[in-house]
Amino acid sequence: MAKFPSDEWVSEYERMINQSESYKEAGKTWEGDILFVVKPDSGEGEPNYIYLDLHHGECRSSRYVHPGEEPPKTQFRYIGKLGNWKKLMNGEIDPIQGILTGKFKLEGSMMKIMRYTKAAKVMVDTVSKVPTEF
Amino acid sequence: MWFFRSPEVVFGEDSLSFLSNLDRERFLIVTDRFLATTTLPGLLKESIGSNRQFMTFAGIGEEPNEDEILSSISDIREFNPEVVIGMGGGSAIDSAKIIYALNEREDLTPFDITPLEEIGLGKKSILVAVPTTSGTGSDCSWAAVFSGSKEKRKNEVASPEILPRYSILDPSMVLSLPPEQTRNTATDAITHAVEAYGSHWRNPYSDAMAEKSLELITGSLTEVIEDPTNVFHRGNVHVGASMAGMAFSNSQVGLAHALGHALGARFRIAHGKAVGLFLPSVVKFNYGAVKERYDRLNMIFPKKFRKESLDRTLTSYFLAIGQAVSVKSAGLDGNEYALLIDEMTDLAMESTGVLTNPADSDKGRLKEFFGEVI
Ligand SMILES: [Fe+2]
């Protein structure tokens, strides 16, 4: 069990993404890094950040940005409260629906994301396979 | 949080006359090159009233690209319309949505139309849709599709702010719709209803619209094909198509659209014909995931077409109305089709329909669908 988010969780996630045949296929032409921003439910306190560099169907690098560290600049930011991340991981909502319903905010080109919805879904499906504790 | 968005709908005979009540002066009519040669623009202007100022932009082709849509935007800004009317099928109405947005905000490009930000439209004008086909549902949707200027890709932009304020469903606008287009666009509408009803994003409002639309369309379409000038049945199919538009624009479509769009990007084929081609196979594939729902839809079809499952009913229905159920009957070159399957599979993978379709699929499965309809 890995705590979400943590170094351990992120490296397990990277390993699973790179093992996923369907991600390799769906993200084949994707280029761009993304920052997952996990905001505390209370609205108080610092968010947690997970950095992923995704390129042509693989995750080239990833890291958990430790509290107090400056998060890197990325092409995309996917931002939501912890409670909504849990819903996403449980499969109650899908990543695009998350944006349209206001549970998540996307910074970056929506047009680009819309062409990779299958890849986004596989990324989330993979999240839900990582044995996670909150 | 979820939404049900819809224009205010004016329907039935003489609905066009509603436009004469609008307390506005300058009307822009956006339509396609073919419709411009018919009596329909005249009929529309007459209903609005001869004391108003009109500008007609009829530069829209079958598959408009950005350059085509914006070719007269500076003249349009000069005219400064208070009402922007999209009259036609999906292309004309979608083009009107983009023109409406870019007339209001001169600093935008079509790609700046996004659901993520408030654009601030509606300060100068209102958007009205007058569909002249019964099927695309564009009059009820807040998305607009246009071709790339260079790439052969279809772009879709969306924002609740490009949802038409009014949709005018006057049967007189569809009485002269030719049989082939009547069939293709109705098939598109049936596909909208079926896909919206199974979608992961379905909700009680889209469900209600999908069920009723299917009832209206399948209850009247064969009558329309027999007697195209029957106002009652034309009206039913017209309203049904618009309701199917409301269903899918509030819950999304599925794999038949993902596959149909990919096919349409590589072959010259009517959109409704393309999505209808895949619908029975897609429904068969999804059956396990939404059996109860599909069985309910199956019961809505008139008894004479109904088979033991929805996929079979759809095939029998399409055959009965003369709709293509194979690549061959759709008139496509089978050899060329076989050569392009890999390319079309890649395109289909990029569609949101893959995400919202009730059953999960992968690239291999999508490829199989292309093979199944040969
Ligand atoms: Fe459609």
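Chain A is the first sequence line, chain B the second, and so forth, proteins listed ahead of strands; every chain is numbered from 1.
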Partner chain A: residue of B:Met349, B:Gln252, B:Glu350, B:His200 with the largest heavy-atom pair count (under 4.5 Å)
B:Glu350
Around B:Glu63, counting heavy atoms of other residues, nucleotides and ligands shown, do more than 12 lie under 6.0 Å from its CD?
no
Is the centre of the B:Tyr294 ring less than 6.0 Å from the centre of the B:Tyr287 ring?
yes
Exercise: do B:Asn250 and B:Tyr205 side chains pair donor with acceptor under 3.5 Å
no
For B:Arg165, give me all partners under side-chain hydrogen bond (donor to acceptor under 3.5 Å, both in side chains), at least two apart in sequence or on another chain.
none
At a 4.5 Å cut-off on heavy atoms, which part of B:Thr352 comes close to chain A: side chain, backbone, both, or neither?
both
What pairs meet the ring-ring contact (aromatic ring centres under 6.0 Å, His included) rule with one or both residues in residues 93-119 of chain B, with sequence neighbours excluded?
B:Phe111-B:Phe146
With a cut-off of 3.5 Å and sequence neighbours excluded, list every side-chain donor-acceptor pair involving residues 20-27 of chain A.
| residue | atom | partner | partner atom | Å |
| --- | --- | --- | --- | --- |
| A:Ser20 | OG | A:Ser22 | N | 3.4 |
| A:Ser20 | OG | A:Tyr23 | N | 2.9 |
| A:Glu25 | OE2 | B:Lys363 | NZ | 2.9 |

Quick one: does NZ or CZ of B:Lys97 land under 6.0 Å from the six-membered ring centre of B:Trp142, within 45 degrees of the ring axis?
no
A:Lys105, part contacting chain B, at a heavy-atom distance under 4.5 Å:
neither
Could you tell me which residues in residues 85-103 of chain A have at least one non-hydrogen atom under 4.5 Å from a non-hydrogen atom of chain B, sorted by residue number?
A:Asp94, A:Ile96, A:Gln97, A:Ile99, A:Leu100, A:Thr101, A:Gly102, A:Lys103
